[in-house]
Enquirer: 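The structure under discussion is supplied below as structure tokens; questions concerning it will follow.
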Amino acid sequence: MLLYNVTSILEESIAEEWLQWMQEEHIPKVMETGKFVSYRLLRVLDSPNEGVTYCAQYVAENIGEYLEYRDSYAHALQAEALEKFQQRALAFRTLMEYIA
């Protein structure tokens, strides 16, 4: 099992709009790809960054599912976010493997 984590650092002025968009549009589109078995959305409480920080976490059963998501869907979904929020949101991604 793999955990695909997307950490987003947002200007406070867009935090509510971004959260609503994530819950109503973006996360459903990611899950509709069928490449992840579950997700969770978390707010980082002790972020050293200015603004508001969230983590969207998606669980893939194996590396093949993740790679297919990355190669077939990720670019378009990331482009939608960039177009909508421009320079008011910064995201970085990490892929982690479950150990225990």
Side-chain angles (χ1 to χ4, degrees):
M1 300 283 279
L2 301 172
L3 180 72
Y4 173 52
N5 182 82
V6 182
T7 300
S8 298
I9 304 167
L10 316 168
E11 290 181 5
E12 288 187 36
S13 64
I14 65 159
E16 287 183 35
E17 177 187 3
W18 181 91
L19 184 59
Q20 181 177 357
W21 173 78
M22 282 293 287
Q23 293 174 311
E24 295 177 3
E25 295 181 44
H26 187 74
I27 291 173
K29 286 180 181 179
V30 171
M31 295 306 294
E32 285 172 9
T33 68
K35 302 304 167 190
F36 300 104
V37 297
S38 66
Y39 75 91
R40 68 175 58 132
L41 182 60
L42 305 104
R43 182 175 177 166
V44 178
L45 299 177
D46 63 349
S47 175
N49 303 301
E50 290 187 29
V52 181
T53 303
Y54 286 95
C55 293
Q57 299 181 334
Y58 306 93
V59 177
E61 288 187 344
N62 57 59
I63 191 69
E65 295 292 326
Y66 166 76
L67 291 174
E68 190 170 335
Y69 169 79
R70 185 194 68 188
D71 296 343
S72 300
Y73 302 98
H75 180 73
L77 291 167
Q78 291 169 14
E80 285 180 11
L82 184 59
E83 182 179 328
K84 183 165 184 67
F85 296 104
Q86 313 244 331
Q87 302 302 319
R88 300 172 297 160
L90 169 70
F92 63 93
R93 295 153 183 85
T94 52
L95 183 63
M96 297 170 265
E97 181 179 29
Y98 283 89
I99 301 299

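Computed from a prediction, not measured in an experiment: that's the story for all the values here.
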Enquirer: Under a 4.5 Å cut-off applied to non-hydrogen side-chain atoms, are Asn62 and Met1 in contact?
Expert: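 No; the side chains remain at least 4.5 Å from each other.
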Enquirer: Identify whether Leu3 and Tyr54 are in the same connected component of the hydrophobic contact network (ILVMFWY, side-chain heavy atoms under 4.5 Å).
Expert: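 Shared cluster, no.
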Enquirer: Is there side-chain contact between Arg88 and Leu10, with at least one heavy-atom pair below 4.5 Å?
Expert: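 No, too far: nothing below the 4.5 Å cut-off.
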Enquirer: Treating Ile, Leu, Val, Met, Phe, Trp and Tyr as nodes and any side-chain heavy-atom pair under 4.5 angstrom as an edge, say whether Val6 and Leu42 lie in one connected cluster.
Expert: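 Looking at the clustering, Leu42 is in a separate group from Val6.
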Enquirer: Take atom CD of Gln78 as the centre, draw a 6.0 Å sphere, and report whether it contains more than 12 heavy atoms from other residues, nucleotides or ligands.
Expert: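 Above 12, so yes.
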Enquirer: Give me the one residue out of Phe92, Tyr66, Tyr39 that meets ring pair (Phe, Tyr, Trp, His ring centres under 6.0 Å) with Tyr4.
Expert: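 Result: among Phe92, Tyr66, Tyr39, Tyr66 is the only option passing the ring pair (Phe, Tyr, Trp, His ring centres under 6.0 Å) with Tyr4.
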Enquirer: Taking the side chain as every heavy atom from C-beta outward, state whether Cys55 and Val44 have any pair of such atoms under 4.5 Å apart.
Expert: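 With C-beta onward as the side chain, the pair touches.
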Enquirer: Rounded to the nearest 0.5 Å, what's the gap from OG on Ser72 to NE2 on His75? Could you check?
Expert: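 Answer for the OG-NE2 pair, Ser72 versus His75, is 12.5 Å.
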Enquirer: Please round to the nearest 0.5 Å and tell me the distance separating atom OG of Ser8 and atom CE of Met22.
Expert: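 Atom-to-atom, Ser8:OG and Met22:CE are 6.0 Å apart.
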Enquirer: For the pair Tyr69 and Tyr73, name the ring-plane relationship: parallel under 30°, tilted 30 to 60°, perpendicular over 60°.
Expert: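 Geometry flag for Tyr73 against Tyr69: parallel rings.
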Enquirer: With heavy-atom distances below 4.5 Å as the criterion, would you say the side chains of Glu50 and Glu12 are in contact?
Expert: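 When only atoms from C-beta onward are counted, Glu12 and Glu50 do not touch, as no gap falls below 4.5 Å.
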Enquirer: Identify whether the distance between the nearest side-chain nitrogen and carboxylate oxygen of Glu61 and Lys35 falls below 4.0 Å.
Expert: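 Between Lys35 and Glu61 there is no salt bridge, as every charged N stays at least 4.0 Å from the carboxylate O atoms.
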Enquirer: Hydrophobic clusters here meaning ILVMFWY residues chained together by side-chain heavy-atom distances under 4.5 Å, can you tell me if Tyr58 and Leu19 are in one?
Expert: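 Looking at the clustering, Leu19 is in the same group as Tyr58.
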Enquirer: Heavy-atom distance under 4.5 Å between the side chains of Lys84 and Glu17, does that happen here?
Expert: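 Touching, per the 4.5 Å side-chain cut-off.
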Enquirer: When hydrophobic residues are tied together by side-chain contacts of less than 4.5 Å, even through go-betweens, does Leu77 share a cluster with Leu2?
Expert: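 They do share one cluster, since a chain of ILVMFWY contacts under 4.5 Å joins Leu77 to Leu2.
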Enquirer: If I take atom CD from residue Glu83 and atom CD from residue Gln86, how far apart are they, to the nearest 0.5 angstrom?
Expert: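 Rounded to the nearest 0.5 Å, the CD-CD separation comes to 7.5 Å.
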Enquirer: So how far is it from Arg43 CZ to Thr53 OG1, rounded to the nearest 0.5 Å?
Expert: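 Going from the CZ atom of Arg43 to the OG1 atom of Thr53 covers 8.5 Å.
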Enquirer: Determine the minimum heavy-atom distance between Arg93 and Ala91, stating which atoms define it.
Expert: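 For Arg93 versus Ala91, the nearest heavy atoms are NH1-O, 3.8 Å.
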Enquirer: Using the rule that two of Ile, Leu, Val, Met, Phe, Trp, Tyr join whenever any of their side-chain heavy atoms come within less than 4.5 Å, decide whether Ile14 and Leu90 are in one cluster.
Expert: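 Not linked; separate clusters.
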Enquirer: Just verifying a value: how many Å separate Thr94 OG1 and Asn5 CG, rounded to the nearest 0.5 Å?
Expert: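 The OG1 atom of Thr94 sits 4.0 Å away from the CG atom of Asn5.
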Enquirer: Kindly compute the distance separating CZ (Phe36) from CE (Met31), expressed to the nearest 0.5 Å.
Expert: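 These two atoms lie 8.0 Å from each other.
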